[in-house]
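Counting from 1, the numbers follow the sequence of the chain as shown.
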Amino acid sequence: LLIRPTPRLLCTATKQKNNGQNLEEDAGQSEQKTDPASAEKSLLEEKVKLEEQLKETMEKYKRALADTENLRQRSQKLVEEAKLYGIQSFCKDLLEVADILEKATQCVPQEEIKDDNPHLKNLYEGLVMTEVQIQKVFTKHGLLKLNPVGAKFDPYEHEALFHTPVEGKEPGTVALVNKVGYKLHGRTLRPALVGVVKEA
């Protein structure tokens with residue numbers, strides 16, 4: 001038997017269908033009504049978490065920037081010092097040559113330097129000129145001679161070989177320089193070897 005749907009049956013089915021949809025919509029709306037509060041809470045928690053992460057990342061970034069700047073400054077300082085003091089060992093070796101020249105000129109008796117002894121005179125004058133020239137080269141490159149006779153004893157620039165009382169000289173001053181010292185750009189390359197005045 002085939003039952004034809006009558007308009008009344010169709011109307012009843014449509015009402016039931018609509019009622020089902022309305023129930024689903026009401027349930028969805030009730031869910032949506034309860035969701036905004038929990039969604040807002042979770043969003044706030046997420047916001048706080050992200051702000052903390054941002055703060056931590058910014059602190060790490062600032063520390064990294066500071067470390068990089070410190071490293072750059074240290075590297076720059078090392079490069080500058082290398083430029084200034086890179087010739088230090090070479091200068092130390094040349095100091096021995098300067099010492100020999102100085103001793104050679106000091107050993108020649110002044111009374112022997114006469115026109116009737118031209119060989120000795122020329123040799124002496126050549127040594128003096130060489131010594132003067134080497135000191136000019138030293139000065140040009142920041143290497144200065146320390147000859148501290150009469151100066152106050154300074155342990156950073158002088159090395160005391162002995163202490164002795166000397167009349168008319170203040171205790172703690174340099175009475176005698178056994179070997180001159182040198183400074184390279186303000187840094188003591190070789191201390192002067194000195195005798196220091198002590199109280200009698």
Side-chain angles (χ1 to χ4, degrees), residues 61-200:
Y61 172 69
K62 285 176 184 176
R63 276 197 300 271
L65 277 181
D67 289 344
T68 305
E69 180 60 20
N70 289 340
L71 180 63
R72 188 191 66 77
Q73 287 177 357
R74 278 197 302 270
S75 301
Q76 189 176 351
K77 189 178 179 184
L78 286 171
V79 168
E80 286 171 6
E81 284 186 356
K83 284 179 186 175
L84 286 176
Y85 304 111
I87 58 169
Q88 188 167 311
S89 60
F90 179 67
C91 288
K92 269 188 178 179
D93 293 339
L94 277 180
L95 295 184
E96 300 303 319
V97 177
D99 291 340
I100 291 166
L101 280 171
E102 189 176 5
K103 281 179 184 170
T105 54
Q106 287 173 353
C107 287
V108 178
Q110 292 296 313
E111 60 274 8
E112 296 293 325
I113 305 166
K114 298 177 182 173
D115 288 335
D116 59 353
N117 195 352
H119 297 297
L120 181 62
K121 185 179 179 186
N122 290 339
L123 179 63
Y124 175 77
E125 286 173 354
L127 286 172
V128 169
M129 285 169 63
T130 306
E131 189 185 359
V132 168
Q133 189 59 37
I134 202 168
Q135 288 301 326
K136 279 183 182 176
V137 172
F138 285 174
T139 304
K140 180 183 174 183
H141 292 282
L143 188 63
L144 300 175
K145 187 190 271 191
L146 296 174
N147 194 354
V149 175
K152 193 86 175 162
F153 176 75
D154 182 352
Y156 295 105
E157 295 183 0
H158 315 138
E159 186 179 325
L161 295 177
F162 58 89
H163 290 78
T164 183
V166 179
E167 277 188 40
K169 299 235 177 180
E170 186 184 340
T173 57
V174 176
L176 173 79
V177 176
N178 190 40
K179 195 174 190 179
V180 294
Y182 283 89
K183 287 177 92 170
L184 180 62
H185 295 291
R187 182 188 287 179
T188 303
L189 186 62
R190 184 181 80 185
L193 303 180
V194 298
V196 183
V197 179
K198 73 171 183 178
E199 290 184 16

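The closest side-chain heavy-atom distance from Glu159 to Lys179 is not below 4.5 Å. Residues Lys62 and Leu65 are not in side-chain contact: their nearest non-hydrogen atoms beyond the backbone lie 4.5 Å or more apart. In this structure the side chain of Lys198 reaches within 4.5 angstrom of the side chain of Pro165, judged on heavy atoms. Side-chain contact between Leu176 and Leu161 is absent, with no heavy atoms from C-beta onward closer than 4.5 Å. In this structure the side chain of Val197 never reaches within 4.5 angstrom of the side chain of Thr164, judged on heavy atoms. No side-chain heavy atom of Cys91 sits less than 4.5 Å from a side-chain heavy atom of His141.
Glu131 and Gln135 share no donor-acceptor pair across their side chains, judged by distance under 3.5 Å alone.
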Original post:
Given Asn117 and Lys121, is the side-chain contact (heavy atoms from CB on, under 4.5 Å) satisfied, shown in steps?
Top reply: CA-CA 6 Å; Asn117 195 352; Lys121 185 179 179 186; 5.9 Å; no
**OP:** Please test Lys83 against Glu80 for salt bridge (charged side-chain N to carboxylate O under 4.0 Å, His left out), starting from the C-alpha separation and ending with a verdict.
**Re:** CA-CA 5 Å; Lys83 284 179 186 175; Glu80 286 171 6; over 6 Å; no
Original post:
Run the side-chain contact (heavy atoms from CB on, under 4.5 Å) check on Asn70 and Arg74 step by step: do they pass?
Top reply: CA-CA 6 Å; Asn70 289 340; Arg74 278 197 302 270; 3.9 Å; yes
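Within a 6.0 Å sphere centred on CG of Asp116, heavy atoms belonging to other residues, nucleotides or ligands number more than 12. Within 6.0 Å of atom CD in Glu111, more than 12 heavy atoms from other residues, nucleotides or ligands are found, so the atom counts as buried in its surroundings.
To the nearest 0.5 Å, atom CG of residue Leu127 and atom CG of residue Asn122 are 11.0 Å apart. To the nearest 0.5 Å, the span separating CD on Glu199 from CD on Glu170 amounts to 10.0 Å. Between Phe90 atom CZ and Leu184 atom CG the span is 12.0 Å, to the nearest 0.5 Å. Distance check: Leu189 CG to Leu144 CG gives 11.0 Å after rounding to the nearest 0.5 Å. Here Ile134 contributes atom CD1 and Thr139 contributes atom OG1; the two are 11.0 Å apart, rounded to the nearest 0.5 Å. The structure places CG of Leu146 at 5.5 Å from CD of Glu157, a figure rounded to the nearest 0.5 Å.
Counting only distance, with no hydrogens or angles, the side chain of Thr188 and the backbone of Tyr156 share a donor-acceptor pair below 3.5 Å.
Considering all non-hydrogen atoms of both residues, His185 and Tyr85 come closest at O-OH, 3.3 Å. The nearest pair of heavy atoms linking Asp99 to Val180 is OD1-CG2, 4.4 Å. For the residue pair Lys169 and Ala175, the shortest heavy atom distance occurs at NZ-O, 4.4 Å. Counting all heavy atoms, side chain and backbone alike, Val174 lies closest to Phe153 at CG2-CA, 4.3 Å.
Below 30°, between 30° and 60°, or above 60°: for Tyr182 and Phe138 the angle between ring planes is above 60°, a perpendicular geometry.
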